[in-house]
Amino acid sequence: MPKITSLEDLRKIKEQAKDLTSARSGGKTRIIVGMGTCGIAAGARDVMTAILAELDKRGLKEVTVETTGCIGMCQKEPLVDVIRPGEPRITYGNVEPKDAARIVVEHLVNGNVVEDKVVGRTD
Amino acid sequence: MALYRAHVLICKGTGCTASGGPSVYSAMQEELKRRKLDREIMLVETGCHGMCEMGPIVVVYPEGALYCRVTPEDVPEIVEEHLYKGRLVERLLYTVPSEMTKIPHYRDIPFYSKQHRIVLRNCGYINPEHIEEYISRDGYQAFAKALLEMTPEKTLEEVKNSGLRGRGGAGFPTGLKWEFARKAPGDKKYIICNADEGDPGAFMDRSVLEGDPHSLIEGMLLGAYAIGADEGYIYCRAEYPLAIKRLKNAIAQAEELGLLGDRIMGTDFSFHLHIKEGAGAFVCGEETALMASIEGKRGMPTPRPPFPAQHGLWGKPTNINNVETWANVPQIILNGAEWYSSIGTEKSKGTKVFALTGKVKNTGLIEVPMGITIREIVFELGGGILNDKGFKAVQVGGPSGGCLTEEHLDLPVDYESLTAAGAIMGSGGLVVMDEDTCMVDVSKFFLEFTQRESCGKCVPCREGTKQMLLLLEKITRGEGTMEDLETLEELAQMVKRMSLCGLGQTAPNPVLTTLQYFRDEYEAHIKDRECPAKACAALIAYTIDPEACKKCGLCAKNCPVNCISGDRQTPYKIDQERCIKCGTCLEVCPFNAVHKD
Ligand SMILES: Cc1cc2nc3c(=O)[nH]c(=O)nc-3n(C[C@H](O)[C@H](O)[C@H](O)COP(=O)(O)O)c2cc1C
Ligand code: SF4
Ligand code: SF4
Ligand code: FES
Ligand code: FES
């Protein structure tokens with residue numbers, strides 16, 4: 001690694017190192033993927049991988065990706081919840097890997113809910 | 001893939017390493033790989049969380065779930081349930097002892113939620129072997145800010161205004177000490193970190209060294225800059241191999257990034273840091289003895305003045321601080337003196353790390369704001385007395401601290417109040433004692449330690465503590481007289497006044513405080529030949545109640561000296577002459593027929 005010669009250098013390392021610890025700090029946008037038995041059967045695993053790939057591609061760091069068990073909407077699996085601080089919790093249903101990019105770009109980056117996939121909304 | 005959705009932190013501090021942390025780590029590594037999760041879940045090894053008793057500790061983020069006493073066999077379940085399906089593994093979560101409730105989140109555990117972590121902020125949270133993780137948590141920001149934007153004077157001023165005082169025992173104002181060294185004439189100056197941590201049961205410094213070594217290095221860089229030193233030593237206890245390994249690694253990383261070495265960040269400031277392994281004796285933690293030891297001489301204290309600030313290491317102006325003191329400095333510079341001095345009491349600012357041990361439900365390391373009461377520490381963080389017995393006393397300040405009682409429970413913990421009550425802050429040992437503890441026995445125990453560690457250079461300490469110990473032994477055997485009690489008290493005062501170094505000056509504290517607050521217990525040993533807590537072997541007898549004895553013979557079978565006789569027809573009986581008072585019979589009797597009086 002090159003030597004640090006300015007505050008700028010240090011900030012750069014800090015910025016790069018952020019993904020190292022960001023998942024530990026919480027308090028940001030959360031994406032929650034339903035990984036109950038039916039979720040997994042419906043392909044939730046591929047959705048999760050697609051979401052992670054998209055987040056990585058866009059360099060989004062202030063996002064945590066969690067998994068959760070069955071929430072009783074099995075016919076709509078795979079389910080993905082997005083919770084942005086101070087906004088209602090949006091639940092997307094029948095999510096396919098190809099929807100992952102849309103959800104990340106539209107909802108997380110631009111702040112627009114992807115209406116055609118919404119199956120629930122809670123405060 | 002660079003983005004990890006979850007982090008699994010496995011503690012590899014000394015405590016958890018001993019209880020099996022490393023095998024949990026490798027099991028986790030394998031399992032993640034097997035389930036093909038190793039590219040989206042990051043495995044991190046950390047330093048001590050302060051909860052070693054519950055180790056090996058595993059924390060899973062983003063949820064912040066804390067799992068206790070994890071074994072390699074638990075790993076597949078954690079991966080399947082938590083990491084794959086997002087369901088917490090209930091049975092491994094931390095249980096609050098008083099309510100038997102499970103707590104899913106790290107930060108909600110009473111043991112942590114009451115803490116204020118400044119020095120320990122990164123311990124158990126970052127990987128201490130990666131400088132990037134430290135930097136991602138604002139590491140080296142304070143140093144860069146001081147070096148590039150503040151003068152040394154301003155840096156020193158900030159530390160002075162923060163009110164930080166030495167955490168190694170005496171509580172001397174840190175900024176003032178730095179100023180002495182800064183103003184001392186000479187172009188070669190040294191700074192030293194005292195990481196000797198000799199108090200039995202203490203591990204606060206160790207956990208910083210192991211869990212966040214860069215915070216110490218950054219603190220020392222700031223000190224060196226403020227004082228005008230270009231060379232430093234970390235004097236570390238040789239019994240801390242993991243700490244030494246992590247320090248070496250951290251120093252190498254800081255050198256590689258140009259944060260240590262010549263002309264740091266393109267300025268005129270240079271600083272080189274060395275590690276020196278301790279010589280092993282308790283007295284080597286005393287500053288003059290410590291410097292002698294670094295110079296390769298025998299570690300024995302010398303009279304002060306001259307003070308290290310004038311005539312220290314190799315005769316040069318030297319500033320020496322404790323690990324915890326140094327580790328506070330980066331946060332002070334980063335957040336300002338005003339922020340720091342808003343925590344704590346009028347004369348004791350900031351936080352203190354304590355090692356809470358003894359008869360409490362939660363033991364471990366805690367960092368609390370100065371001014372917290374002993375009651376809060378024992379009953380809230382500590383969760384109360386083990387087995388719901390009565391609280392009797394708390395010994396504060398390590399082997400040369402003092403014992404405080406029930407009436408001190410609401411005492412705010414700061415330098416002044418503790419000293420006024422006869423105890424000391426010391427390095428931060430807190431031993432809680434319940435009703436079954438004999439206070440005469442306790443003071444004997446601590447004096448045995450200090451007596452053994454006396455370096456023998458000065459007579460009051462060497463001979464005085466020996467005589468005191470003989471008297472205490474006599475009293476606990478039930479052979480003491482009231483004159484002995486007076487002699488003991490006089491000796492204690494003499495040793496305290498006349499000893500050369502802090503070891504002798506503080507060694508009588510446990511005796512003096514117990515004499516002050518528990519005199520009746522000493523008198524009971526002397527006048528009634530009785531140990532009220534039933535702890536002193538010579539003053540108790542085990543007997544078997546012939547009515548209650550069911551003649552099962554278990555006690556006789558287990559007695560290590562075979563001094564119990566009886567058979568199916570005759571109730572069992574203990575031969576008092578041969579009994580060694582080990583208490584085994586009492587423990588094994590299923591019918592509570594054995595009594596201790
Ligand atoms: C017998 C004896 C043992 C000591 N052991 C330690 C020790 O292990 N660690 C420590 O930091 N200070 C120890 N001290 C205190 C040091 O002499 C010194 O006061 C301290 O390192 C100064 O740092 P501070 O101002 O940051 O507290 C000991 C003192 C005495 C008298
Ligand atoms: S206290 Fe120990 S030595 Fe004495 S009788 Fe009981 S088992 Fe034997
Ligand atoms: S163990 Fe208890 S009941 Fe059994 S023989 Fe001994 S005293 Fe009697
Ligand atoms: S070593 Fe793991 S909690 Fe202390
Ligand atoms: S054998 Fe009968 S009580 Fe022990």
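What's counted below: heavy atoms across the whole structure, side chains too, no hydrogens, waters or symmetry copies. Letters A, B, ... mirror the listed sequences (proteins, then strands); counts begin at 1.
Of all heavy-atom pairs between B:Met265 and A:Ser6, the closest is CE-O, 3.7 Å. In terms of heavy-atom proximity, B:Glu149 sits nearest to A:Leu7 at OE2-CD1, 3.1 Å.
Note: B:Ile135 leads B:Asn127, B:Ile135, B:Leu83 in heavy-atom pairs under 4.5 Å with chain A. When each of B:Glu133, B:Arg263, B:Lys145, B:Gln141 is scored by its heavy-atom pairs under 4.5 Å with chain A, the top score falls to B:Glu133.
Environment of NZ in B:Lys248: sparse, with no more than 12 heavy atoms of neighbouring residues, nucleotides or ligands closer than 6.0 Å. Atom CG of A:Asn110 has more than 12 neighbouring heavy atoms from other residues, nucleotides or ligands inside a 6.0 Å radius. Atom CD of B:Glu80 has more than 12 heavy atoms from other residues, nucleotides or ligands within 6.0 Å.
For B:Gln253, no part sits under 4.5 Å from any heavy atom of chain A, backbone or side chain. Residue B:Leu37 touches chain A through its side chain alone, counting heavy-atom pairs closer than 4.5 Å. Only the side chain of B:Val44 comes within contact range of chain A, with heavy atoms under 4.5 Å apart. There is no contact between A:Ile32 and chain B, counting heavy-atom distances below 4.5 Å.
In this structure the side chain of B:Leu259 reaches within 4.5 angstrom of the side chain of A:Ile4, judged on heavy atoms. A:Met35 has its side chain out of reach of B:Arg87: every pair of non-hydrogen atoms, C-beta onward, lies at least 4.5 Å apart. A:Leu10 is listed as a side-chain neighbour of B:Tyr140, based on a closest heavy-atom distance under 4.5 Å. Two residues are said to be in side-chain contact when any heavy atoms from C-beta on lie closer than 4.5 Å; A:Thr67 and B:His82 fail this criterion. At least one side-chain heavy atom of A:Ile13 sits less than 4.5 Å from a side-chain heavy atom of B:Leu257. At least one side-chain heavy atom of A:Leu52 sits less than 4.5 Å from a side-chain heavy atom of B:Arg5. Between A:Ile40 and B:Lys85, some side-chain heavy-atom pair lies under the 4.5 Å cut-off.
Ion pair B:Glu40/A:Arg45 flagged as a salt bridge, since at least one NZ, NE, NH1 or NH2 atom sits closer than 4.0 Å to an Asp/Glu carboxylate oxygen.
The NZ atom of A:Lys14 sits 10.0 Å away from atom CZ of B:Arg137, with the distance rounded to the nearest 0.5 Å. One distance of note links OH of B:Tyr84 with CE of A:Met48; it measures 8.5 Å at 0.5 Å rounding. Atom-to-atom distance recorded for A:Lys3:NZ and B:Ile264:CD1 is 10.0 Å, nearest 0.5 angstrom. A distance of 12.0 Å separates OG of B:Ser136 from CD of A:Gln16, quoted to the nearest 0.5 Å.
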